[in-house]
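Values in this document were obtained by computation on a predicted structure and should not be read as measured data. Start at 1 with the first residue, then count along the sequence.
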Amino acid sequence: MFAEALEQFRIGSLGKSGVVTGLLKTLGGRTDDERAQLGPQFNALRKDFESVIAQGKAEVEEVDLAARLATERLDMTLPAPEAPRGTVHPVSQVMDELAEIFADMGFAVAEGPEIEDDWHNFSALNIPETHPARAMHDTFYFPDQMALDGKKMLLRTHTSPVQIRTMTSQEPPIRIIAPGRVYRSDSDATHTPMFHQIEGLVIDKGIHLGHLKWTLETFLKAFFERDDVVLRLRPSYFPFTEPSVEVDVGYSVVKGKRVIGGSEGWMEVLGSGMVHRKVIEACGLDPDVWQGFAFGTGVDRLAMLKYGMDDLRAFFDGDNRWLQHYGFNALDVPTLSGGVGA
């Protein structure tokens with residue numbers, strides 16, 4: 001009510017047809033002496049009106065604010081709106097689970113560059129120049145002008161170069177895992193050009209295949225959180241191990257789905273073997289004194305097997321719905337006591 005009356009007063013005094021505005025308009029028809037005398041008086045009058053109106057507006061706003069404060073209430077007992085929360089990607093979660101399991105067995109985590117030279121990635125691993133893995137259709141090479149000390153540069157195809165860098169920079173005994181991103185020219189439902197791999201290496205005196213089998217069996221039982229995990233080692237070939245074995249894990253069929261555990265069927269999960277003499281020699285160690293085993297598997301594949309995902313490409317789509325379904329709470333830190341998949 002008072003606000004409306006104040007607005008009418010403003011229009012009647014300072015509006016286009018207002019009293020003060022009318023007085024100011026008369027100055028145009030007056031003499032110079034009259035303008036000099038009346039102009040300051042009319043302007044002072046206008047300022048007085050403006051001051052009165054501004055004061056009135058401030059009083060009106062103060063009254064309105066007091067009325068709102070008296071009538072509006074914020075219920076502090078209501079729960080706050082839930083803020084959007086991100087999730088931990090399954091690959092990151094599984095990486096943490098693997099690190100926790102192997103740390104309990106005395107393994108350290110080792111890292112290396114993703115842009116490698118062909119000596120660390122191939123030559124030191126006893127992979128000859130004629131090996132298919134060196135072909136352009138399998139490996140991402142950098143242009144020849146980017147060669148370093150005569151060595152071709154490439155995106156590493158496995159994390160095995162980390163093993164080479166560790167053996168050439170650290171005295172044995174050695175017990176490491178090397179998780180990280182690797183790159184290969186391949187893409188379908190179960191392969192992507194970039195994926196995640198973890199490899200393990202043990203170098204010590206008197207190491208044999210029995211140590212390898214126990215390590216893998218202990219690891220897989222802890223990872224899949226089942227005591228009925230059964231392994232089958234099949235002879236195979238890798239240039240950097242001799243003998244080489246493919247490792248299959250037994251599974252059972254439950255409600256039409258394959259579940260790790262039991263031995264109704266077999267599924268390949270990783271490759272492994274005793275480190276080749278030539279690899280040990282290439283790293284400056286005496287293979288008659290030092291022996292070791294190595295193994296490697298895809299982190300993404302392990303995540304798919306454990307958590308029931310069927311398309312590897314979804315890992316990299318960035319679909320928030322998929323992440324909300326398969327992702328993990330940031331506080332779900334893997335521990336052996338609480339279950340690594342907790």
Salt bridge (charged side-chain N to carboxylate O under 4.0 Å, His left out) assessment of D248 paired with R232: CA-CA 5 Å; D248 300 332; R232 181 177 71 178; 2.9 Å; yes
Contacts of type side chain to side chain donor-acceptor pair (under 3.5 Å), residue D319, not counting sequence neighbours: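 D319 satisfies side chain to side chain donor-acceptor pair (under 3.5 Å) with R321 only.
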State, to 0.1 Å, how close [X] and [Y] come at their nearest heavy-atom pair, and which atoms those are.
{"X": "D117", "Y": "W119", "answer": "OD1-N, 3.0 Å"}
{"X": "R175", "Y": "M105", "answer": "NH1-O, 3.0 Å"}
{"X": "P179", "Y": "M95", "answer": "CB-SD, 3.5 Å"}
{"X": "F140", "Y": "Y183", "answer": "CD1-CB, 3.9 Å"}
{"X": "H120", "Y": "I164", "answer": "CD2-CG2, 3.8 Å"}
{"X": "E264", "Y": "V253", "answer": "OE1-N, 3.4 Å"}

Check: [Y] and [X] side chains under 4.5 Å, non-hydrogen atoms:
{"X": "K152", "Y": "F142", "value": "no"}
{"X": "I115", "Y": "M153", "value": "yes"}
{"X": "F107", "Y": "F219", "value": "no"}
{"X": "I260", "Y": "V229", "value": "yes"}

F315 and H89 aromatic ring geometry - parallel, tilted or perpendicular at 30°/60° bounds: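 Rings of H89 and F315: tilted, as their planes differ by 30° to 60°.
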Plane angle bin for F240 and F238 - parallel if under 30°, tilted between 30 and 60°, otherwise perpendicular: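 Parallel: the ring planes of F238 and F240 meet at under 30°.
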Qualifying residues under side chain to side chain contact (heavy atoms under 4.5 Å, CB included), relative to I280, sequence neighbours excluded: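 In terms of side chain to side chain contact (heavy atoms under 4.5 Å, CB included), with neighbours along the sequence ignored, I280 is linked to V275, L285, P287.
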[X] atom [atom1], over 12 foreign heavy atoms within 6.0 Å:
{"X": "Q324", "atom1": "CD", "value": "yes"}
{"X": "D227", "atom1": "CG", "value": "no"}
{"X": "L209", "atom1": "CG", "value": "yes"}

Donor-acceptor side-chain pairing of D138 and T157 below 3.5 angstrom: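 Looking only at side-chain atoms, T157 and D138 do not form any donor-acceptor pair under 3.5 Å.
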Electrostatic pair K278-E242, nearest N-O below 4.0 angstrom: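 Between E242 and K278 there is no salt bridge, as every charged N stays at least 4.0 Å from the carboxylate O atoms.
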Backbone of G261 reached by a side-chain donor or acceptor of S252 within 3.5 Å: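 Yes, the answer is positive, given that a donor and an acceptor are paired below the 3.5 Å cut-off.
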